[in-house]
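Just so it is clear: chains get the letters A, B, ... in the order the sequence lines come, proteins before strands, and each one is counted from 1.
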2 protein chains.
Amino acid sequence: MDRKAEKILNRIVQNGYRRTNARQAIVTALVNSAGHITADDLADNVREKEPHIGRMTVYRTLELLCELGVVRPIFQGTGAAHYILMDNGGHHHLICNRCHNVMEFEECSAAMVMEKVAKQFNFHISSHLLELHGLCEECNEISSHQ
Amino acid sequence: MDRKAEKILNRIVQNGYRRTNARQAIVTALVNSAGHITADDLADNVREKEPHIGRMTVYRTLELLCELGVVRPIFQGTGAAHYILMDNGGHHHLICNRCHNVMEFEECSAAMVMEKVAKQFNFHISSHLLELHGLCEECNEISSHQ
DNA sequence: GGTATACTTGATACAAAATATCAGTAAAGG
DNA sequence: CCTTTACTGATATTTTGTATCAAGTATACC
Ligand SMILES: [Mn+2]
Ligand SMILES: [Mn+2]
Ligand SMILES: [Zn+2]
Ligand SMILES: [Zn+2]
């Protein structure tokens, strides 16, 4: 069992939910997918090992993980939600408006803002998402000499 | 005609797209909606004044505005995408994982990170989205004394 | 271990949201 | 005007997400 998956499953139990086979399989598949996956794609992955697990259960587990702050749905070109892992406290994307390419980065100075805003709103922050939008190198070149 | 809408329409023209009645009506309705609206809700709004405008055109216009970096689709509890305006360069949300309540804030120190990352990836940043996730005051209380 | 209980599951049906297609329309430029 | 080509909107279809409910199973308690 993956360490990361184990951590998430513990979180499920700690919040009063049950540790079931389905949830174990789904969380494991999610962690192995390295994020950025749609619910239906995840369901397909899960079924490679556990063919009996239903699509609904995957949807419901993702919903639960949202509530626990473990994942967050985002748009990524297509209509279906893509789920990203928020388990490390932060997730940072550089997203091209044109080709929808997504690059990851780690730098982040959200800490100060977070503290300030958390106080102001009495909000308990568990994670954050920073998306920088614009044009990637290639798309920028295309649009400049056209 | 709203100043904000005018600005967006200019942007459409400057990028080689046509300024049509449909796009004018849609952009105006979008600006008046103050953001956080789904495609279908926007279509309904548009039709109050221009009943002949089709749903497809609204979807396509939103797609175009995404490409121009004017809006960004996000998830907000429900299944349908909610479009938020990125026209001021940044958009900042505090989102409760449980009740899905969304609060706006302005503080942001993303500037430094942005500069650094832009250089590193040769990326042309036009806007950003910062989402802080966690539990709002009420939801936090509920989960602590249960 | 056995049992009661509430939580969870998955098949099915359904609703909502997004996309593909295409003939007709109108914006832009000359 | 007239031509060209991007754009539109009706329609059909696919994809994605949700509601329901009988059957299954994790957990607590004995
Ligand atoms: Mn990512
Ligand atoms: Mn907002
Ligand atoms: Zn690009
Ligand atoms: Zn809340």
| message | Would you say that Ile84(B) contacts His93(B) through its side chain, given a criterion of any heavy-atom pair below 4.5 Å between the two side chains? | response | yes
| query | Starting at NE2 of His82(B) and ending at P of dA16(C), how long is that distance when rounded to a whole Å? | reply | 14 Å
| said: If the test is side chain to side chain contact (heavy atoms under 4.5 Å, CB included), which one of Ile53(A), Thr61(A), Thr28(A) qualifies with Val46(A)? | reply: Ile53(A)
| field | Distance test, side-chain N/O of Thr78(A) to OP1/OP2 of dA18(C), below 4.0 Å | value | no
| Under 3.5 Å, is there an N or O donor on one side and an acceptor on the other linking the side chain of Arg60(A) and the base of dG10(C)? | yes
| query | If you check every side-chain atom of Arg23(A), which of dT9(C), dT8(D), dG10(C) has the closest atom? | reply | dT9(C)
| task | State which of dA19(D), dA18(C), dT8(D) makes the closest approach to the side chain of Ala81(B). | result | dA18(C)
| query | Does Asn21(A) make a side-chain N or O approach to OP1 or OP2 of dT25(D) shorter than 4.0 Å? | reply | no
| request: For Tyr17(A) and for Asp40(A), locate the closest nucleotide of DNA chain D by heavy-atom distance; then report the residue assigned to the nucleotide nearer the 5' terminus. | output: Asp40(A)
| request: Determine: side-chain N/O of Arg19(A) to OP1/OP2 of dT27(D), distance under 4.0 Å, yes or no. | output: no
| field | Ile53(B) CD1 - dG24(C) P separation (whole Å) | value | 21 Å
| task | Check whether any side-chain heavy atom of Phe123(B) sits under 4.5 Å from a side-chain heavy atom of Met103(A), and report yes or no. | result | yes
| field | Glu104(B) atom CD: more than 12 heavy-atom contacts under 6.0 Å | value | yes
| For Tyr59(A) and dT20(D), what is the distance between atoms OH and C1' respectively, to the nearest whole Å? | 17 Å
| Which part of the nucleic acid, if any, lies within contact of Thr57(B), taking any heavy atom under 4.0 Å across all strands shown: a base, the sugar-phosphate backbone alone, or nothing? | base
| task | For Thr38(B) and for Val13(B), find the nucleotide of DNA chain C with the closest heavy atom, then tell me which residue's nucleotide is more 5'. | result | Thr38(B)
| query | Do Val113(B) and His92(A) come within less than 4.5 Å of each other through their side chains, counting heavy atoms only? | reply | no
| request: Would you mind reading off the distance between Arg18(A) atom CZ and dT27(D) atom P, rounded to a whole angstrom? | output: 7 Å
| task | Could you state the atom-to-atom distance from OH of Tyr83(B) to P of dA17(C) in whole Å? | result | 12 Å
| remark: Glu50(B) CD to dG9(D) C1', in whole Å, measures 14 Å
| field | Gap between atoms CZ and P, on Phe75(A) and dT15(D) respectively (whole Å) | value | 17 Å
| query | Base, sugar-phosphate alone, or nothing: which one does Arg55(B) contact when heavy atoms must sit under 4.0 Å apart? | reply | base
| note | From CD of Glu63(B) across to P of dA20(C) the rounded distance in Å is 9 Å
